[in-house]
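In the text below, chain A, chain B and the rest are named by the order of the sequence lines, each starting its count at 1.
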There are 2 protein chains.
Amino acid sequence: MDTEKLIQDLIDNGHKTYIGNLSIDCTIFGYHERRLKVLLLKWKGIEGWSLPGGRIKKTETLQAAAARILQERTGLANIFLKQYQVFGDSDFRVKQPEMTNLLKAMKITVPKNNWLADRTFSIGFYALVEYSEVDPKPDLFTEECNWCDINELPELLFDHNEMVDLAQKTLRQELSYLPIGSNLLPKKFTLPEIHDLYETLLGKSLDRRNFPKKLLALGIIKKLAETRNIGAHRSPFLYRFDMRNYNRALQEGLAVQF
Amino acid sequence: MDTEKLIQDLIDNGHKTYIGNLSIDCTIFGYHERRLKVLLLKWKGIEGWSLPGGRIKKTETLQAAAARILQERTGLANIFLKQYQVFGDSDFRVKQPEMTNLLKAMKITVPKNNWLADRTFSIGFYALVEYSEVDPKPDLFTEECNWCDINELPELLFDHNEMVDLAQKTLRQELSYLPIGSNLLPKKFTLPEIHDLYETLLGKSLDRRNFPKKLLALGIIKKLAETRNIGAHRSPFLYRFDMRNYNRALQEGLAVQF
DNA sequence: ACAAAAGTGTTGTCTTTACACCCATGG
DNA sequence: CCATGGGTGTAAAGACAACACTTTTGT
């Protein structure tokens, strides 16, 4: 089936497969070379970008739906993925569904009482991935899937700017409670690497000597005997996460201030 | 209309007024005489208790819906009320809607494809109120509305035990970020009163001398020149919240450890 | 005068921050 | 040998925790 037929099928039959009135949108943060990026989709026929999103199947858990959406766009599985807020109060969500207008731009008409034209609440999730491992794939409604630096975001469709802002704010708060990194760094990494990661995520500089003390004191990371050759400079030591402590911290929570 | 007619009307016509597949459940914490309570509803015809909940009207914001539900059960308005998680993954939510079974106990039959029989995701909110100001009112499905000590909760319907547990956990975390109390204490209150409040909420004892220092240092509370007569004991000074700082803290967040 | 609750400050310990020099590596 | 980035420890300041005696009030 070509795209138009698939969309038409979704309009006509989607309500048999998917839960109505409810969608998921994911703020997928990518970390690469000291920059924080967000994965965006460009809609067909208009100059509009949005976050990756999707619907929940009737027989699927919420967590599974979010994981599926993430996998469809990025190819990645087993990623830290967390719901942080339901969005439903923006004007266009309450009064009039934007979806119908967007599809109009693609010359597709949504019937007035169609399930897709209904008011939709969106459950916001965020995820953290290593962006060079991602193979971005657009979905039915979009023609491009690309990373965008979080500091250079355009105006997004729907209430997606609000979603990104809150996702970042939530992520920064979570850093005091949860260990982060095992999905973002290679198995073995150097102190400067994890240091840069935290600086990028928090958007502020952290003392180069004090920072590792905290992670070491918590037992989250362990120093290895090996070093990595980085060219014309002193070779930094490699570290790895202590997954026993890491996972314990994921469950029980931390209380660190960076 | 009597209750059965109202329920029948909700089953037949509710889908015109309310959003499908989605509900709200509120963990309403009540504080009174150093105890933390939760507001529960007893369902008609069975020995089952649940949290207060409800549906979202099609033209209503999420926040407004939660506030309406809270007001319908408690009579209170302008209460701190916050969403903390969407629940949708429990077995009975995915596989089979409990609602149909519960209504069977009330001798009401829900047709197979009725909107109320659909899988429902519930957005969890929590709120904090002074329980002596509450006038608990049951809803259509319930015959009793009562406070229950949080340490003596029975097994609740649906996944509501999980909801209460997570609400309490979230509340305790929020205490480090948000000032709490202006809805829970009289305008003027004593140090022992706010001290007891925090001890109850956190479930641990706090040093009687160190505790006020933090609130005073943050500028959240201010000492007044008046005292309150408490009978055969020394009269404690009265304090009030400094609403300017209190509201600023609500927005910007705190970082205190109690 | 006694019982019950409230008021108040200091000291020691721990945590956090600030800070600079030397070393390794490749070109 | 030079340029660049990485490695490392200590001291001062600040935050936090522990702690007990005196005052008020009503009976």
Side-chain angles (χ1 to χ4, degrees), chain A residues 32-35 172 175-177 181 185-186 188-200 202-240 249 253-258, chain B residues 33-35 172 175-177 179 181 185-186 188-200 202-240 249 253-258:
Chain A
H32 189 64
E33 291 179 352
R34 311 195 184 182
R35 307 295 292 174
R172 286 181 176 173
L175 283 184
S176 296
Y177 286 105
L185 295 171
K188 298 175 181 180
F189 52 89
T190 66
L191 282 189
E193 284 170 350
I194 193 169
H195 178 240
D196 289 340
L197 168 63
Y198 270 78
E199 285 196 333
T200 304
L202 291 168
K204 66 178 184 188
S205 61
L206 302 169
D207 188 276
R208 194 160 64 90
R209 280 185 267 191
N210 294 330
F211 171 78
K213 287 181 205 165
K214 306 192 184 189
L215 293 181
L216 285 166
L218 291 164
I220 302 291
I221 62 173
K222 286 206 168 168
K223 188 175 183 172
L224 303 174
E226 318 158 54
T227 57
R228 167 178 299 163
N229 189 316
I230 55 164
H233 308 293
R234 180 168 182 172
S235 308
F237 280 95
L238 289 171
Y239 288 73
R240 64 172 174 76
L254 302 170
V256 210
Q257 211 72 311
F258 288 104
Chain B
E33 289 178 355
R34 310 192 185 185
R35 307 296 293 173
R172 287 181 174 172
L175 281 184
S176 296
Y177 286 105
L185 295 171
K188 298 175 181 181
F189 51 88
T190 67
L191 282 189
E193 284 170 353
I194 193 169
H195 178 240
D196 288 341
L197 168 64
Y198 271 77
E199 285 196 337
T200 304
L202 291 168
K204 66 179 182 188
S205 61
L206 303 168
D207 187 276
R208 195 159 64 91
R209 283 185 264 192
N210 294 330
F211 171 77
K213 287 182 207 166
K214 305 192 186 188
L215 294 181
L216 284 166
L218 292 164
I220 302 291
I221 62 172
K222 286 204 169 171
K223 188 175 184 174
L224 302 174
E226 318 157 55
T227 57
R228 166 177 299 164
N229 188 314
I230 54 164
H233 308 293
R234 180 168 182 173
S235 309
F237 280 95
L238 289 171
Y239 289 73
R240 63 173 175 77
L254 302 170
V256 211
Q257 212 72 313
F258 289 104

Supply the atom-to-atom distance [X] [atom1] to [Y] [atom2], rounded to the nearest 0.5 angstrom.
{"X": "B:Asn210", "Y": "B:His195", "atom1": "CG", "atom2": "NE2", "result": "9.5 Å"}
{"X": "B:Phe237", "Y": "B:Lys223", "atom1": "CZ", "atom2": "NZ", "result": "4.5 Å"}
{"X": "B:Lys214", "Y": "B:Asp207", "atom1": "NZ", "atom2": "CG", "result": "9.0 Å"}
{"X": "B:Glu193", "Y": "B:Tyr239", "atom1": "CD", "atom2": "OH", "result": "12.0 Å"}

Could you tell me whether the side chain of B:Lys204 and the main chain of B:Phe258 form a donor-acceptor pair under 3.5 Å?
-> yes
Roughly, in whole Å, what's the span from [atom1] in [X] to [atom2] in [N]?
{"X": "A:Leu218", "N": "C:dT15", "atom1": "CG", "atom2": "P", "result": "12 Å"}
{"X": "A:Leu215", "N": "C:dT16", "atom1": "CG", "atom2": "P", "result": "13 Å"}
{"X": "B:Phe211", "N": "C:dA6", "atom1": "CZ", "atom2": "P", "result": "14 Å"}
{"X": "B:Glu193", "N": "C:dA6", "atom1": "CD", "atom2": "C1'", "result": "12 Å"}

With B:Leu215, the side chain to side chain contact (heavy atoms under 4.5 Å, CB included) member among B:Val256, B:Ile194, B:Leu191 = B:Ile194
N/O (side chain, B:Asn229) to phosphate O (OP1/OP2, D:dG26) under 4.0 Å | yes
Assign a letter to each nucleotide of nucleotides 5-15 of chain D from its 5' end: B, base within under 4.0 Å of a protein heavy atom; S, sugar-phosphate only; -, no contact.
-> BBBBBB-----
By nearest-nucleotide position on DNA chain C, the 5'-leaning member of A:Thr227 and A:Lys214 is A:Lys214
